Amino acid sequence: MNETTTMNRSAGATSRYDPRAIERKWQARWEADGIYHTPDDDPRPKWYALTMFPYPSGDLHIGHWFAMSPSDAHARFMRMNGYNVLFPMGFDSFGLPAENAAIKRGIHPADWTARNIEHMRAQMKMMGAMFDWSREIITSSPDYYKWTQWWFLQLLKHDLAYRKSQAVWWCPKDQTVLANEQVVDGTCERCDTPVTKRDLEQWFFRITRYADELLDFSRLEWPEQVTTMQRNWIGRSEGAELRFGLDVPGVDEREVRVFTTRPDTVYGVTFFVLAPEHPLVEKITTPEQRPEVEAYVAQARRESEIERMSTDREKTGVFTGAYVINLFNGERVPVWIADYVLATYGTGAVMGVPGHDQRDFEFARKYGLPVVPVFAHPDWDGGELTAALPHGGRMINSGPFDGTPDEEAIPAVIKYAEEKGYGRGTVSYRLRDWLISRQRMWGAPIPVVYCDTHGVVPVPESDLPVLLPDDAEFRPTGESPLKYHEGFLNTTCPIGGEPARRETDTLDTFMCSSWYQMRYIDPHNDERPFSRDKARKWLPVDQYTGGTEHAVMHLLYTRFFTKAARDMGIVEIDEPMTRLFSQGQILGPDGQRMSKSRGNVVAPDGEVEKWGADCFRAYLMFLGPWDQGGPYDSSGIVGVSRWLHRAWNAVTGDVTTADLPGAPSTRELRRWTHRTIQRVTSDLRHFRFNTMLSALMEFTNHLMKVRESGEPADAAAWRE
RNA sequence: GCCGGGGUGGCGGAACUGGCAGACGCAGCGGACUUAAAAUCCGCCGGCCGCAAGGCCUUGUGGGUUCGAUCCCCACCCCCGGCACCA
C-alpha cells in the first residue's frame, strides 16, 4: 500500500512558468473556441456583469486595468458557479477629446476615434478578460446613435423632453453649454475653466419629475457613498410655499411666492429678498432706487460663479424701494435684492427672518433691519441677539400661534396657511432638469427639424439616424459646427415638405451611456433598440462596477432613463443595475492623480511585457481593498511574480506521493485545501481580492512545505 | 458648516465585527547553493529592557463599558472623497 511513487505532471521536470507563452497560447485558444461568446438561449441562470465602458482616449492606462481585471475575475467566478454570464465591453466614443484632437491635428474625429478604438481593443485583449467582443458597441457608430436619437424621440413624445430658454452654464474654453452635473466648484468638469452663464434656447429632460422616486434606493445594493451623493444632489427639502402680497402701482403681479423650510418663522419676517435675476426686480424697483439696483444687478451678472458662490464673503444687497405684505400679520416689509439668493432654487426669493436664520441675521445687521425672534429658545435670555436662534422653545410674537411648542409649529402654520389661502406645504429639490443640448459636432444630432409652418417637428423614426456629415468644419465657434454645414442644416419639413432647418446641437454624451447596458443584450438589432424578450431575459444588470466619479452624472441619468423607459412601456424594470461596486482610484507613485503633465504615469504595457498579464492583474488586486485604490508602487509586483512561479512549481513539479488515507498529514493537507476554497469563495463573493490572494499564497506556501519536507504526501489529497 | 470613508510595523495591508494585534507581500538583515552574481531555498524581522528564560509598552489622542477593546460608547485631533449662501 505504501508504495512510494513520483508524480510528474509536467512535460519536463525543468518546466518553468513562462507567462508570455502561456497567455499567448490560451488567449488564442479562447478566441478560437469562442468560449466567451454568451448565448441568449442557455438554460443556466443569467448573470449580467458590467464594467463601465471606457472613453477611447487612445491608450489603456492602469486605471482601466484596475477597473476591469477584478470585475473580470468576479464575472469568471460567477461563470464557474454555473451562471450564463454576460460580460460585454464597448466604447463611449462621442465627446470632446475627439473633437479637440481633430482641431489640433486636422483629422476627422471619426478617424481619430476609430484608430484609438482599434488600439485599445487590442490592449484589452491582452488582458485576457472574458469580454464577449461579438457584442461590442461603439456609441458614435450610426447603428448605435440611431437608437440614441430614437430614445430622444420617445422622451419627446411622452413630454419628458422640452425646449426652453434659460440661463445655462457655459464653458468658454469648450464653447458649449454644460449640465449642472458637469459644473464642479464653478468650473467645467472637463477642463477646469471657470464657467459663465448664457441665456440660450436649449433642450432639457424632465429628470425632476422622477426626483422622489430617484431617492428610493431600497431595492438597490449600492455603496452608501454613492446613494448619499445622489441624495445630496437631489436635495429634497420639505417646507412651504408662502404668498406675499404685492401692491406696486403699474405692476400686474399681485403677489410673490417664497419657498421656505421654516414656515413657522413667518411672523419673524422683517424683510424680503429677491435674487438679482428675479423677473420682478425690473418691475418693482422705484425710480429713486433704480440706479443702485441696476448697478448691483449688472455687477452680479459680471461676477464669476466662483466669486458668487463663495460662502464666506460678506452679504451684500440693495433696497428696491418696494414693499411686500406679510399676509399672516399684515405687515409691510421692504424688498431687497441680494446675490446670496439664488435664482435657480425655490422661487428665487427668500423671506428674511433674521431671528432664526444666520444669513438673514448677518444681512439685517449690516443694513440695520429689525430682528424679531418668534421662538423663545430655552438658552435665550430675552436680550438682544448676537446670532440667529436655533430651533427650539415655544412660539412668541406670532399672533394666534403664541405658545405653540416648536415640534408642532411647522405643521400648524402650514395647515393655517392652507386654510387661509396664504400658501401650502410643498417640497423643493436642488435637482434641476437635465440640459442635453451641446454646441459641438462630435455627438448624436438632436433629431428635430425647425419649419416656419409647422414649428418644431420631430424627425420620423423611419428617417433615423440623422447622420453626422463626414466633412463638417469642426472649429468651435460657440455654435454647433453643424450650423455652418449647408448640406446638414438645410432639409425639408417631414410634415409638409417645406424648406426647413435641422437642429444643429448634438446630444450630451451622457445620453449615450444612459442606455448602453440595454443595447449589449441585443446589439445587432436594426428593428428596435433591443427585443422585448431579451430585455426580459437579461435586464437588469446584476453587478455593475465603476468609479465614483459618475455618482451624480451617469449613475443618476441611467436610473432616470430606466424609470422613464418603464413608464413608456419599453422595459419592465425599475432600476438599471441591482448591485454596484465602486472601485477606488489608482494614483501615481507620488500619490497624485496620474497625468502626463505630472510625469507620474505608469504604463501598463511595460508591466505586462515584463511580468505577464496575469501577474499584473493579480498585483493590482493584491495592492489593497478594491474600493480603496491608492498609489501604484511597482516595487511589490515581484512578490506576486514569485508566487506565480511557486504555484507553477507546486502544480507541475515532482513530488513524492503514497497512498496515505486517514494519515494526520493527509487530513492536514485536505483541511488546508478546503479552508482555502472556503476563503477564496467568500472573498471573491465580496470583492475582497487582496485577501483572496493572501489565502492562495498561504496555500501555495503550505504545498511547497509539504513537497520540500521529503515525507510522502497522500496521492489523492495532493491531486485534489 | 453638512454628509460619507479612513488613521494599525520602514512600506502596501490583515485580524472571521469583542477573544494570542501585525496574516500575506515588499523592503531590510543573516545563512545555504555558486569561482562570483542573478535566480532559488532556509531563518530573523513593531518598540524598549535582558546573555537568556522572560518582562514591559504598542492599533491617531484622552476618557468610558467589559473578565477581555484595532473592534462598542463619549469627547477631541488629523487625512481622503462629496456637497455647500439651497432659504
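Below, chain A is the first sequence line, B the second, and so on; all start at residue 1. Bear in mind the structure is a predicted one, so any value in this text is a computation, not a measurement.
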Could you tell me if the ring centre of A/Tyr367 sits under 6.0 Å from that of A/Phe319?
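Judged by ring-centre distance (under 6.0 Å), A/Tyr367 and A/Phe319 do not meet the cut-off.
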
Measure centre to centre between the rings of A/Phe363 and A/Tyr340, then say whether the value is under 6.0 Å.
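Yes.
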
Using Watson-Crick or G-U wobble geometry with both distances below 3.5 Å, tell me the partner of [N], or none.
N     : value
B/C2  : B/G82
B/G28 : B/C44
B/C67 : B/G19

Over all strands shown, is [X] touching base, sugar-phosphate only, or nothing at heavy-atom distances under 4.0 angstrom?
X        : answer
A/Arg642 : sugar-phosphate
A/Pro625 : sugar-phosphate
A/Asp360 : nothing
A/Arg646 : sugar-phosphate
A/Gln358 : nothing

What integer number of Å spans the [atom1] atoms of [N] and [M]?
N     : M     : atom1 : answer
B/U34 : B/G22 : C1'   : 36 Å
B/G25 : B/A15 : P     : 16 Å
B/C71 : B/G82 : C1'   : 27 Å
B/U61 : B/G7  : P     : 13 Å
B/A21 : B/C57 : C1'   : 13 Å
B/A53 : B/U59 : P     : 25 Å
B/C41 : B/C24 : P     : 15 Å
B/G6  : B/G10 : P     : 23 Å

Could you tell me whether the phosphate oxygens of [N], OP1 or OP2, come under 4.0 Å of any side-chain nitrogen or oxygen in [X]?
X        : N     : answer
A/Gln628 : B/G13 : yes
A/Ser237 : B/A87 : yes
A/Arg430 : B/A84 : yes
A/Arg231 : B/C2  : no
A/Asn690 : B/A14 : yes

Establish, yes or no, whether the cationic atom of A/Arg646 lies under 6.0 Å from the six-membered ring centre of A/Trp643 and within 45° of the ring axis.
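No, a cation-pi geometry is absent between A/Arg646 and A/Trp643.
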
Aromatic A/Trp65 / basic A/Arg617 pairing, under 6.0 angstrom, 45° off normal:
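Pair A/Arg617/A/Trp65 does not count as cation-pi.
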
Should the heavy atoms of other residues, nucleotides or ligands under 6.0 Å from [atom1] of [X] be counted, would the total exceed 12?
X        : atom1 : answer
A/Arg670 : CZ    : no
A/Glu418 : CD    : yes
A/Lys366 : NZ    : yes
A/Lys705 : NZ    : no

Quick one: [X] [atom1] to [N] [atom2], roughly how many Å, whole number?
X        : N     : atom1 : atom2 : result
A/Asp683 : B/C24 : CG    : P     : 15 Å
A/Ile337 : B/A87 : CD1   : C1'   : 17 Å
A/Arg688 : B/C16 : CZ    : C1'   : 9 Å
A/Tyr632 : B/C26 : OH    : C1'   : 13 Å
A/Trp611 : B/G25 : CH2   : C1'   : 13 Å
A/Phe689 : B/G13 : CZ    : C1'   : 17 Å
A/Arg16  : B/A38 : CZ    : C1'   : 11 Å
A/Trp233 : B/G82 : CH2   : P     : 12 Å

Return the nearest nucleotide to the side chain of [X]; candidates are [options].
X        : options             : result
A/Tyr345 : B/A87, B/G4, B/C85  : B/A87
A/Thr261 : B/A87, B/A14, B/G82 : B/A87
A/Ser694 : B/C24, B/A14, B/C85 : B/C24
A/Val638 : B/A87, B/A15, B/C26 : B/C26
A/Ser635 : B/C26, B/G4, B/C83  : B/C26
A/Gln225 : B/A27, B/G4, B/A87  : B/G4

Does A/Leu693 or A/Gly624 map to a spot on RNA chain B nearer the 5' end, using the closest nucleotide for each?
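Here A/Gly624 is the residue nearer the 5' end.
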
A/Val350 or A/Lys705: which one's nearest nucleotide on RNA chain B is closer to the 5' end?
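Checking each residue's closest nucleotide, the 5'-ward one belongs to A/Lys705.
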
Just label B/G9 as syn or anti from its O4'-C1'-N9-C4 or O4'-C1'-N1-C2 angle, using within 90° of 0 for syn.
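With its glycosidic angle within 90° of zero, B/G9 counts as syn.
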
